[in-house]
Trainee: 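Pasting a structure below so you can have a look.
FYI, the numbering just counts along the sequence from 1.
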Amino acid sequence: MSPRLDLALNSGLSLSQSLTVLAPTPDHDLSGLPRAALVVQPFKPFHDHFAAQGFAATPDGDAPCQDAIVFLPRAKALARALVHQACRCASGVVVVDGAKTDGVDSLLKDIRKRVPVEGPISKAHGKIFWFGSDADAFADWAAPDAQMSEGYRTAPGVFSADGIDPASALLLQSLPQKRGARIADLGAGWGFLSAHLIDGSLHSLHLVEANHTALTCARANVSDPRAQFHWADATTWTAPEPLDTVIMNPPFHTSRSADPALGQGFIASAARNLARNGHLWMVANRHLPYEATLAETFARVEDVAGDNRFKVFHASRPRG
Ligand SMILES: C[S@@+](CC[C@H](N)C(=O)[O-])C[C@H]1O[C@@H](n2cnc3c(N)ncnc32)[C@H](O)[C@@H]1O
């Protein structure tokens with residue numbers, strides 16, 4: 001059981017069986033919670049982790065419940081939106097658990113100005129505290145119905161929620177005019193790249209994204225009927241047809257530290273899903289070590305563009 005939650009449950013916090021758990025990650029051990037608890041987690045691999053443990057899991061949801069626990073994400077706007085969401089669902093107690101590095105101290109300060117707080121208990125470089133649910137007290141923390149940035153729908157906590165990512169902009173500039181008919185955008189986010197891939201020669205465009213919230217934004221940003229939306233882990237995804245082109249700005253961390261294995265998994269997936277004469281176009285932070293994986297999975301790799309922060313690769317002839 002997560003150590004702070006365990007301590008809180010042994011220090012007067014009592015939770016009912018009617019429980020919603022918002023945004024836990026595999027770092028959180030929920031083994032002591034009732035399996036009837038609803039786990040709300042938009043990130044597909046994390047969602048699947050809790051579903052496999054027997055929890056009812058959903059990418060989004062605000063079904064009424066008695067009590068709710070919020071596991072604090074790093075993005076402040078998302079943290080606030082989750083506190084509001086917890087208050088909207090729960091009629092009893094709302095628990096907040098978070099690491100210092102994710103801003104739990106400043107959130108506690110802000111919450112204390114609005115409602116009386118119980119706990120707080122400090123342990124393992126973080127805090128846990130709880131309060132009586134009160135949606136009105138946090139009404140201004142609700143996620144906007146339609147958050148717009150530079151003309152696109154985005155949402156709190158999704159990648160580049162506040163505007164176009166410069167690496168993606170560089171990749172877009174580097175793409176050829178002729179891109180093939182069957183294309184996948186791996187880690188499509190809210191759809192910036194895909195929105196620019198719609199042209200007359202397109203047959204199908206697969207947007208593959210693990211974050212359900214981002215994919216929901218992408219549906220609003222890419223309305224062409226040839227677009228297909230896949231809520232999936234791109235590293236294990238199988239395209240329904242061999243692809244002519246894969247385009248991607250792969251993620252390089254799921255938590256705080258960089259994890260090049262993730263981008264390497266994206267490259268392997270691109271090679272696996274491309275037709276023999278298919279092409280990969282990808283952008284990456286200059287310091288990330290992707291060259292060896294590209295050389296292992298493609299017979300031809302070119303460094304086609306870049307600046308002091310990013311590099312753009314074109315890889316072709318995937319090795320079968
Ligand atoms: C660097 S962002 C690029 C987003 C978008 N393509 C753009 O250009 O703005 C990487 C995206 O990959 C998504 N992602 C992370 N891990 C993933 C996985 N295992 N499978 C699919 N998508 C993933 C993230 O949620 C994020 O939206």
Side-chain angles (χ1 to χ4, degrees), residues 1-43 45-47 49-51 53 55-63 65-135 137-138 141 143 156-157 213 254-256:
M1 184 76 158
S2 273
R4 284 189 292 270
L5 190 54
D6 199 29
L7 201 55
L9 289 168
N10 287 310
S11 311
L13 170 65
S14 147
L15 294 173
S16 82
Q17 295 281 317
S18 166
L19 180 66
T20 294
V21 186
L22 294 167
T25 72
D27 288 341
H28 299 117
D29 175 2
L30 304 187
S31 55
L33 295 181
R35 284 301 183 274
L38 180 69
V39 170
V40 181
Q41 172 49 263
F43 189 67
F46 295 176
H47 167 279
H49 169 88
F50 291 108
Q53 291 181 0
F55 289 102
T58 173
D60 56 14
D62 49 10
C65 59
Q66 178 69 29
D67 303 320
I69 306 175
V70 175
F71 285 103
L72 210 61
R74 196 178 182 192
K76 185 173 173 182
L78 178 59
R80 290 179 162 208
L82 289 173
V83 169
H84 173 265
Q85 187 179 343
C87 286
R88 213 179 51 222
C89 302
S91 50
V93 171
V94 171
V95 182
V96 176
D97 177 288
K100 274 181 183 301
T101 45
D102 290 332
V104 71
D105 289 317
S106 74
L107 189 81
L108 170 59
K109 218 164 122 196
D110 291 342
I111 290 178
R112 267 196 165 131
K113 290 181 193 152
R114 295 165 181 247
V115 290
V117 167
E118 290 183 64
I121 300 173
S122 300
K123 190 175 169 67
H125 309 291
K127 280 198 170 77
I128 190 166
F129 56 90
W130 54 97
F131 54 91
S133 178
D134 184 344
F138 296 98
W141 284 13
T213 312
T254 35
S255 58
R256 203 165 300 268

Trainee: Report yes if some heavy atom in the side chain of T213 is under 4.5 Å from a heavy atom in the side chain of D60; otherwise report no.
Mentor: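 No; the side chains remain at least 4.5 Å from each other.
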
Trainee: Quick one: list whatever passes ring-ring contact (aromatic ring centres under 6.0 Å, His included) with H49, sequence neighbours left out.
Mentor: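 Testing H49 for ring-ring contact (aromatic ring centres under 6.0 Å, His included), a comparison that skips the adjacent residues, returns none.
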
Trainee: Under the ring-ring contact (aromatic ring centres under 6.0 Å, His included) definition, can you give me all pairs with a residue in residues 68-111, not counting sequence neighbours?
Mentor: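 ring-ring contact (aromatic ring centres under 6.0 Å, His included) check on residues 68-111 returns H28-F71.
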
Trainee: Rounded to the nearest 0.5 Å, what separates atom SG in C89 from atom CG in L38?
Mentor: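 Atom-to-atom, C89:SG and L38:CG are 8.5 Å apart.
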
Trainee: What residues form a side-chain contact (heavy atoms from CB on, under 4.5 Å) with E118, not counting sequence neighbours?
Mentor: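 So E118 forms a side-chain contact (heavy atoms from CB on, under 4.5 Å) with W130.
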
Trainee: Quick check: do L5 and L33 have side-chain heavy atoms less than 4.5 Å from each other?
Mentor: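 Side chain of L5 against side chain of L33, heavy atoms only: contact under 4.5 Å found.
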
Trainee: Hey, could you give me each pair passing salt bridge (charged side-chain N to carboxylate O under 4.0 Å, His left out) that has a residue in residues 122-132? Not counting sequence neighbours.
Mentor: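 Listed once each, the pairs are D105-K127.
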
Trainee: Quick one: which residue pairs count as a ring-ring contact (aromatic ring centres under 6.0 Å, His included) with a foot in residues 94-116, not counting sequence neighbours?
Mentor: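 ring-ring contact (aromatic ring centres under 6.0 Å, His included) check on residues 94-116 returns no pairs.
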
Trainee: Atom CD in Q53, atom CG in L30: separation rounded to 0.5 Å?
Mentor: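 Between Q53 CD and L30 CG, I get 6.5 Å after rounding to 0.5 Å.
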
Trainee: List the atom pairs, donor and acceptor, that lie under 3.5 Å between side-chain atoms in residues 7-15 and the rest of the protein, sequence neighbours left out.
Mentor:
residue : atom : partner : partner atom : Å
N10     : ND2  : D6      : O            : 3.0
S11     : OG   : L7      : O            : 2.5

Trainee: Tell me the closest heavy-atom pair linking A75 and G157, and the distance in Å.
Mentor: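 Result for this residue pair: CB-CA, 4.0 Å.
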
Trainee: Treating R80 as the side-chain partner and W141 as the backbone partner, does any N or O pair qualify as donor plus acceptor under 3.5 Å?
Mentor: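 No, R80 side chain to W141 backbone: no donor-acceptor pair under 3.5 Å.
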
Trainee: Can you list everything that forms a side-chain contact (heavy atoms from CB on, under 4.5 Å) with A143? Sequence neighbours excluded, please.
Mentor: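 Checked A143 against side-chain contact (heavy atoms from CB on, under 4.5 Å); matches are A81, P156.
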
Trainee: For R112, which residues count as a salt bridge (Lys or Arg N to Asp or Glu O under 4.0 Å) partner, sequence neighbours excluded?
Mentor: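 If we apply the salt bridge (Lys or Arg N to Asp or Glu O under 4.0 Å) test to R112, skipping adjacent residues, there are no hits.
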
Trainee: So, do Q41 and F55 sit near enough that their side-chain heavy atoms are less than 4.5 Å apart?
Mentor: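 The answer is no, as the side chains (C-beta and beyond) never meet within the 4.5 Å cut-off.
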
Trainee: Taking all non-hydrogen atoms of both residues into account, name the closest pair between V40 and P24 and its distance.
Mentor: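 That closest heavy-atom pairing would be O-CD, 3.9 Å.
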
Trainee: Mind running side chain to side chain contact (heavy atoms under 4.5 Å, CB included) on L19 and I69 for me, showing each step along the way?
Mentor: CA-CA 8 Å; L19 180 66; I69 306 175; 4.1 Å; yes

Trainee: Indicate yes or no for a side-chain donor-acceptor contact from S2 to the backbone of D29 under 3.5 Å, with no hydrogens or angles considered.
Mentor: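 Judged by distance alone, yes, a pair lies under 3.5 Å.
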
Trainee: Under the side chain to side chain contact (heavy atoms under 4.5 Å, CB included) rule, what do V115 and V94 come out as? Steps first, then yes or no, please.
Mentor: CA-CA 11 Å; V115 290; V94 171; over 6 Å; no

Trainee: Is the closest side-chain heavy-atom distance between V96 and V117 below 4.5 Å?
Mentor: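 No. Closest side-chain heavy atoms not under 4.5 Å.
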
Trainee: Who pairs with S18 by side-chain contact (heavy atoms from CB on, under 4.5 Å), at least two apart in sequence or on another chain?
Mentor: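 Result, side-chain contact (heavy atoms from CB on, under 4.5 Å) vs S18: S16, C65, Q66.
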
Trainee: Would you sort out whether T25 and F43 count as a side chain to side chain contact (heavy atoms under 4.5 Å, CB included), showing the intermediate values?
Mentor: CA-CA 9 Å; T25 72; F43 189 67; over 6 Å; no

Trainee: Under the ring-ring contact (aromatic ring centres under 6.0 Å, His included) rule, collect the residues that match up with F131, sequence neighbours excluded.
Mentor: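 Once residues adjacent in sequence are excluded, the partners of F131 under the ring-ring contact (aromatic ring centres under 6.0 Å, His included) criterion are F138.
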
Trainee: Roughly how far, to the nearest 0.5 Å, is OG of S91 from CG of D134?
Mentor: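 If we round to the nearest 0.5 Å, D134:CG and S91:OG are 12.5 Å apart.
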
Trainee: How close do L72 and G103 get, counting heavy atoms only, and between which atoms?
Mentor: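 What the structure gives for the nearest pair is CD2-C, 4.1 Å.
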
Trainee: Test of understanding: with side chain to side chain donor-acceptor pair (under 3.5 Å), list the residues that count as partners of R35, not counting sequence neighbours.
Mentor: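 R35: no side chain to side chain donor-acceptor pair (under 3.5 Å) contacts found.
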
Trainee: May I have all residue pairs that pass salt bridge (charged side-chain N to carboxylate O under 4.0 Å, His left out) and include part of residues 85-98, sequence neighbours excluded?
Mentor: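 Listed once each, the pairs are R4-D97, D62-R88.
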
